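Notes for the one structure printed next.
For this chain, numbers begin at 1 and follow the sequence in order. All figures in this text were calculated on a predicted structure; none of them were measured in a lab.
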Amino acid sequence: GGLTAMKLLERDDDGAAAESLSGVALLCSVPPSGIARMSLRALRHTPLRAAKIIAGLAMKKCASDPALCREMFFDDAMDERAISEYMGYFRRDSAAGVDLANLNRRLP
């Protein structure tokens with residue numbers, strides 16, 4: 001998401017992208033270099049928590065495990081139906097991937 005928005009703004013010759021992306025906020029956008037170092041550091045310091053994050057995000061378990069999904073993103077007040085709905089979004093959004101090694105070679 002963040003890289004896509006930055007690239008659109010970078011190539012915005014006629015100002016159309018800036019207008020359509022006005023108000024965009026890049027919060028915690030993953031750097032093109034990835035998060036491997038941070039992940040390894042987390043594994044050393046908080047191994048159980050890091051393992052859950054890796055399972056939930058990298059292994060996409062948040063799209064199929066309601067308990068893990070709740071633990072990572074929601075509190076106890078969120079009802080099961082809403083969690084199920086969000087899990088559907090996670091499944092849909094995780095269907096596409098990005099070849100970060102290839103992308104990294106193309107960045108300035």
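Here the straight-line distance linking atom CE of Met59 with atom OG of Ser64 works out to 9.5 Å at 0.5 Å rounding. Once rounded to the nearest 0.5 Å, the distance linking CG of Asp65 with NZ of Lys60 reads 16.0 Å. For the atom pair SG of Cys69 and CD of Glu80, the computed distance is 9.5 Å after rounding to the nearest 0.5 Å. Atom CG of residue Asp79 and atom CD of residue Glu85 lie 9.5 Å apart, to the nearest 0.5 angstrom.
In this structure, Phe90 shares a hydrophobic cluster with Ile53, Leu57, Leu68, Met72, Phe73, Phe74, Met78, Ile83, Tyr86, Met87, Tyr89, the cluster being traced through Ile, Leu, Val, Met, Phe, Trp and Tyr side chains under 4.5 angstrom apart.
A search for side-chain contact (heavy atoms from CB on, under 4.5 Å) contacts involving Asp76 returns Arg70, not counting sequence neighbours.
Tested against Glu71, the residues Lys52, Lys61, Arg49 include a single salt bridge (charged side-chain N to carboxylate O under 4.0 Å, His left out) partner, Lys52.
Side-chain atoms of Thr46 come within 3.5 Å of backbone N or O of Ala42 as a donor-acceptor pair.
Annotation for Arg91: atom CZ counts as buried by contact number, over 12 foreign heavy atoms lying within 6.0 Å.
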